[in-house]
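Right, one structure below, let's go through it.
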Amino acid sequence: MNLGKKVIYQAYPRSFKDTSGNGIGDLEGIRQKADYFKKLGVDMVWINPFFVSPQNDNGYDIADYYHVDPLFGTDEELDKLIETFDEKGLGLMFDMVLNHTSTSHEWFQKALDGDEYYQDFYYIRDGKDGSYPNNWTSKFGGPAWNKFGDTDKYYLCLYDKTQADLNWHNKNVRKEVYKIVNYWIDKGIKGFRFDVLNVIGKSKDLKDSSGNIDEEKKLYTDTRIVHEWIEELNKNTFGKDEDIITVGEMSSTDVHNSALYSNPEGSELSMVFSFHHLKVDYKDGEKWTDASFDFKKLKGTLNYWQGEMQEHSGWNALFFNNHDQTRANTRFGDVDKYHYQTSTMLAQTIHLMRGTPFIYQGEEIGMTDPDYDSIGDYRDVESLNAYDALLAKGMSEDDALKIIKLKSRDNSRTPMQWNDSSNAGFSEETPWIRVNDNYKEINVKKALADKNSIFYYYKKLIEHRKEENLISDGLYFPILEDDENILAFVREYEGNVLVNFSNFTGKSLEVDLENMVDSYQEYEYLLGNYGRVEINKKINLRPYECLALIKRF
Ligand code: NOJ
C-alpha cells in the first residue's frame with residue numbers, strides 16, 4: 001500500500017452530527033455524512049472513541065471496548081455504519097486506548113473487589129513515607145497516583161484519576177488487548193489509531209524522577225520494551241493484513257524512536273503522530289501560558305522531522321489540527337483579516353509534505369476557535385484542571401480565562417458547522433458545548449455552494465496528492481531555511497521537482513526564484529491560494545500566500 005497516496009479525515013463523534021436529539025453527535029450522524037467524505041476525497045475516517053465510557057475524558061476513559069456508548073448510538077448502528085462505509089469504499093479507523101482503562105472497567109472493578117488476577121492488570125503500589133509510591137505527576141495536573149479503594153495502596157494514573165494505567169508487563173493484559181483489536185479487525189475495520197502508545201512501557205520499579213518534568217517523562221516514554229510490545233501487538237493482530245493502516249499517537253517522542261515505530265519493514269506501525277511542531281507557543285515548555293507562536297521553531301521542527309524521518313525511512317502523519325489542539329488557523333494565522341488565505345496556506349504546507357495528511361473536522365471549511373467569554377462555556381477536564389491550578393497560583397480569573405481561551409482543547413471541539421440554521425445544523429437540541437458564533441458565515445452549506453471555498457481547495461490538494469507521485473513519494477528538502485517569514489521546500493521525484501512557498505505573515509514578501517531553483521523558466525504553476533501567477537525571476541508573495549510550482553522532467 002502506498003501510504004503517501006492516502007488522506008485521512010478525523011471525525012470527533014461528540015461534535016460531528018447529532019441525529020438522536022441528545023445534543024451530542026453520534027455514529028448515525030457520521031454514517032449520514034458518508035457522501036460528504038466522498039466528495040472531499042478522503043480514503044478513511046478516524047473516529048475518536050465511542051465505546052462505553054463514563055466520559056470523564058470524552059471517551060478516552062473506556063469501560064467496555066466491545067460496545068457503543070448509548071450516548072453515541074447502538075451496536076446495530078455501528079454495524080450499519082461499517083456496512084455503509086464499506087459500500088462507499090471508505091475506510092474506518094478506530095481509536096484504541098490501550099495505555100489505560102476507565103476505573104469503571106470491569107477489570108478495575110474486579111481488582112477493587114480484591115481479585116488478585118485483575119489487580120495485576122494495573123500498577124497498584126504501596127505508598128512511600130506516608131505519601132505516593134513515587135513523585136510522578138499526571139499529565140492533567142496533580143500527582144500521577146490515586147487511592148486504590150479503601151486500601152492503603154495507590155494506582156498509577158498518568159492522565160485523569162479515572163484513567164488507570166494498564167500493566168503491559170502482565171501477559172494477560174497483552175492478550176486481552178490483542179483480543180480487542182482482533183475483534184474489530186474481524187468486524188472489517190481497516191485502520192487503528194493507538195492512543196499514547198509510547199508510554200505503555202513503564203519500568204516495573206517505577207522509580208522517582210529528579211523532579212524535572214522532561215527527565216520524568218523519559219522514565220516511561222519510548223522505553224526499549226515499547227518497541228517489543230508493539231511488534232508483538234503487530235504480529236498478533238493487524239500485522240496479518242497488509243491493507244490495515246495504523247498510527248501511533250506518540251507523546252513527547254523523538255525522531256529516532258518514531259522512525260523505528262514506523263519502520264519500512266512494517267514490524268511496528270504504519271506511521272506516527274508527533275507533537276513537537278505544535279509546542280511552539282509554550283513559555284519555558286509550559287502549555288498553560290500566554291505566549292505567541294515562534295515561527296522559526298515551527299518551521300525548524302517541521303523541517304527537522306521531515307528530513308530525519310526521510311533519512312531513517314520513517315513515515316509521518318501530517319497534521320496541524322486535532323481534538324487536542326486549538327485551531328491552527330487561529331493559532332498561526334490571521335483569521336480576522338485573511339481567513340481564506342490563512343486556512344488554505346496552512347493546508348497546503350502540510351498537504352505537500354512527505355507523509356500521510358490528516359484533516360480534522362471543520363478544518364476543511366476553515367472553522368476557527370470560538371470566542372467564549374466564561375469558564376462556564378468550557379467542558380474539557382484538562383482545561384478545567386488547568387484553570388483551577390492557575391487560580392491556585394494566585395492568577396486572577398480574567399487572566400486565567402485568557403490562557404484557557406488560548407490553549408483549551410475545547411477550541412477544536414465545538415460543534416461542526418453544517419449550515420446557518422439554529423445550532424449550526426449540528427443538533428435540534430442544545431449542544432453539549434456552545435456553537436461558535438461565526439457559524440452563519442462559516443459552514444458546510446456555504447462552502448459547498450462556492451467553488452472557490454476552502455473546501456474545494458482541500459479537495460484539490462487531495463487530488464494533487466493522488467495524481468502526483470512527486471507529492472506522495474518525492475524526497476523532501478527545505479529551502480530558505482533562515483528566512484524568518486516563509487516556509488519553503490522542494491520535493492523531488494524521478495527528475496521532477498516541486499517547490500512550495502508559504503508566507504506565514506500578513507506582509508507582502510519577495511522571493512528570488514533564480515537563487516533558489518535551477519532554470520526557473522521551466523517551472524509551471526501548480527496551485528496557490530491567490531490563483532494562477534506568472535512565473536518570473538522575482539515572485540511577490542502576498543499575505544499568507546502559498547504557491548506551488550512544478551517542473552516536469
Ligand atoms: C490522547 C488523546 O488524544 C486525548 O484526547 C486524551 O485525553 C489522552 N490521550 C488520554 O487518553
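Atoms within a ligand are numbered from 1 in the order they appear, just like the ligands themselves. Since we're looking at a predicted model, the values are computed, not measured.
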| message | Is a donor from one side chain sitting under 3.5 angstrom from an acceptor on the other, for E364 and Y9? | response | yes
| note | Ordered by chain then number, the protein residues lying under 4.0 Å from ligand 1 by heavy atom are D57, Y60, H100, F140, Y159, Q163, R193, D195, V196, E249, H323, D324, R409, R413
| field | ring pair (Phe, Tyr, Trp, His ring centres under 6.0 Å) partners for Y387, two or more places apart | value | none
| Spacing of D160 atom CG and S138 atom OG [to the nearest 0.5 Å] | 7.5 Å
| request: Take R409 and D380 through the test salt bridge (Lys or Arg N to Asp or Glu O under 4.0 Å) and record every step on the way to the result. | output: CA-CA 7 Å; R409 306 193 293 183; D380 171 34; 2.8 Å; yes
| request: Report the residues that fulfil ring pair (Phe, Tyr, Trp, His ring centres under 6.0 Å) with W145, sequence neighbours left out, ordered by chain and then residue number. | output: none
| note | Applying ring pair (Phe, Tyr, Trp, His ring centres under 6.0 Å) to F121 and not counting sequence neighbours gives W107, Y117, Y118
